[in-house]
Amino acid sequence: MQVVISTRNKNKLQEISRILGTEGIETVGVEMFPGAPEIEEDGRTFAENAAKKALTIARFTKRLTLADDSGLEVEALAGAPGVYSARYSGENATYETNNQKLLAELAGLPPERRTARFICSVAVADPGGVIGIVEGEYPGRIIEEPRGSNGFGYDPVFFSPEYGKTLAEMDPKVKNRISHRARAFQKAKELVRKYQKEIRGSSR
Ligand code: ITT
C-alpha cells in the first residue's frame, strides 16, 4: 500500500515515513509529482489546513493522500504561534529566528509559566473527499536556551519533563514513538487500514 504525503518539509516527511513504515505503509512525498500545486495554509485551525492540503493533493495525484499541519501552542502567549508556527518571525523565517523570537517573547517568565504543547492534525483524503481527521499532542515547556541538534523547528527549545531533555536532545527513534506527530499518525494508520478494507470489500 502506497500513500502520498502532502508535505514539502523534508524533516516531517522523514519522520512520517519512519512512523508509517513500521506498519508496512509505503510513503511517497508530494515532490515526486511535478506540477503539484502549492497550498496556501490560510485555515484558522490545524485541522482545516491539514484537510485542505490532503484533499488538494489527493485530487492532483488521484491517490490516497495524508497531510499533517502541526505547530506549537504556548499557554502564556494565548496559543501562539499556533497555525503560524512555520512563519512566526516573518516572511523569511528560519527555525533559528523563530526560536529567538519565542525566547524573547517569554523572557523573564519562570518555568511554571512556560508550558506549551505541540499539536499535529492529520487528514486522510482520496480524490472523492476527506475520509477523516485525527489529532495528536505532546506536552512540555519552553526552556531559556536552545539545547540539542536532533529534530527540527522548535525541538531545541521544547523540553519534555517526561524524559528530562529537549526533543532535539532526544534520540530520533524515541521522538518518533512519542511525539504529537507519532500520536496523530498512529491514529491515521487506522483510517488507512479501514479504507483499504473497504476498497477491497467493494471491489469483490
Ligand atoms: P508543509 O506545510 O509543507 O507540510 P511546514 O514546515 O510549513 O511544511 P507546517 O505548516 O505543519 O509545516 O508547520 C509546522 C511548523 O511547526 C514547522 O515549520 C515547525 O516550525 C513547527 N513544528 C511542527 N512539528 C514540529 C516538531 O515535531 N518539532 C519542532 N517543530 C515542529
Side-chain angles (χ1 to χ4, degrees), residues 4-19 27-33 36-57 60 65-74 77 79-103 116-123 125 133 135-143 146-160 163 165-186 188:
V4 179
I5 307 297
S6 172
T7 181
R8 293 181 190 276
N9 179 326
K10 290 196 171 60
N11 301 98
K12 274 170 52 172
L13 181 62
Q14 196 180 40
E15 285 190 7
I16 294 164
S17 303
R18 292 200 172 129
I19 295 164
T27 53
V28 38
V30 68
E31 308 263 301
M32 299 306 286
F33 297 87
E38 286 287 339
I39 299 149
E40 202 195 338
E41 294 178 28
D42 52 4
R44 281 183 308 118
T45 62
F46 295 114
E48 257 179 65
N49 284 333
K52 184 176 177 186
K53 285 197 242 184
L55 188 55
T56 308
I57 297 304
F60 181 80
T65 301
L66 272 65
D68 92 322
D69 194 45
S70 50
L72 178 73
E73 288 186 353
V74 180
L77 303 176
V83 288
Y84 302 107
S85 292
R87 53 210 140 115
Y88 187 43
S89 54
E91 275 297 296
N92 300 316
T94 63
Y95 291 146
E96 214 178 333
T97 58
N98 283 341
N99 283 330
Q100 279 163 3
K101 176 168 178 186
L102 182 64
L103 294 181
R117 56 186 189 155
F118 274 121
I119 307 269
C120 176
S121 268
V122 178
I133 304 175
E135 195 164 277
E137 64 173 78
Y138 191 75
R141 86 178 131 79
I142 306 303
I143 52 166
R147 269 171 28 194
S149 54
N150 297 330
F152 68 99
Y154 297 95
D155 284 345
V157 296
F158 190 94
F159 181 82
S160 161
Y163 284 84
K165 46 175 90 164
T166 68
L167 291 191
E169 291 175 311
M170 207 176 264
D171 181 337
K173 280 196 191 114
V174 177
K175 181 186 173 191
N176 287 343
R177 216 173 51 228
I178 58 156
S179 73
H180 51 307
R181 188 163 295 102
R183 290 173 180 176
F185 274 92
Q186 293 298 345

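In listed order, ligands and their atoms are each counted from 1.
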Worksheet item: Out of K10, R177, K175, which residue meets the salt bridge (Lys or Arg N to Asp or Glu O under 4.0 Å) rule with E15?
Response: K175
Item to complete: Kindly tell me which protein residues have any non-hydrogen atom under 4.0 angstrom away from an atom of ligand 1, grouped by chain and ordered by number?
Response: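 Residues near ligand 1: T7, R8, N9, K12, E41, K53, D69, S70, G71, S85, A86, Y95, F118, F152, G153, Y154, D155, K175, H180, R181.
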Worksheet entry | E40: partners by side-chain hydrogen bond (donor to acceptor under 3.5 Å, both in side chains), with sequence neighbours left out |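 Scan of E40 (side-chain hydrogen bond (donor to acceptor under 3.5 Å, both in side chains), adjacent residues dropped) gives none.
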Worksheet item: Which class fits the ring pair F118 and Y154: parallel under 30°, tilted 30 to 60°, perpendicular over 60°?
Response: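 Judged by the thresholds at 30° and 60°, the geometry between F118 and Y154 is tilted.
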Discussion item. For the aromatic rings, using the six-membered ring if either is Trp, is the centroid distance between F60 and F33 under 6.0 Å?
Written reply: no
Practice prompt. Using a cut-off of 6.0 Å, state whether more than 12 heavy atoms not belonging to E96 lie near its atom CD.
Written response: no
Worksheet item: Got a sec: does the CG of D42 have more than 12 other heavy atoms crowding it under 6.0 Å?
Response: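 Counting other residues, nucleotides and ligands, CG of D42 exceeds 12 neighbours.
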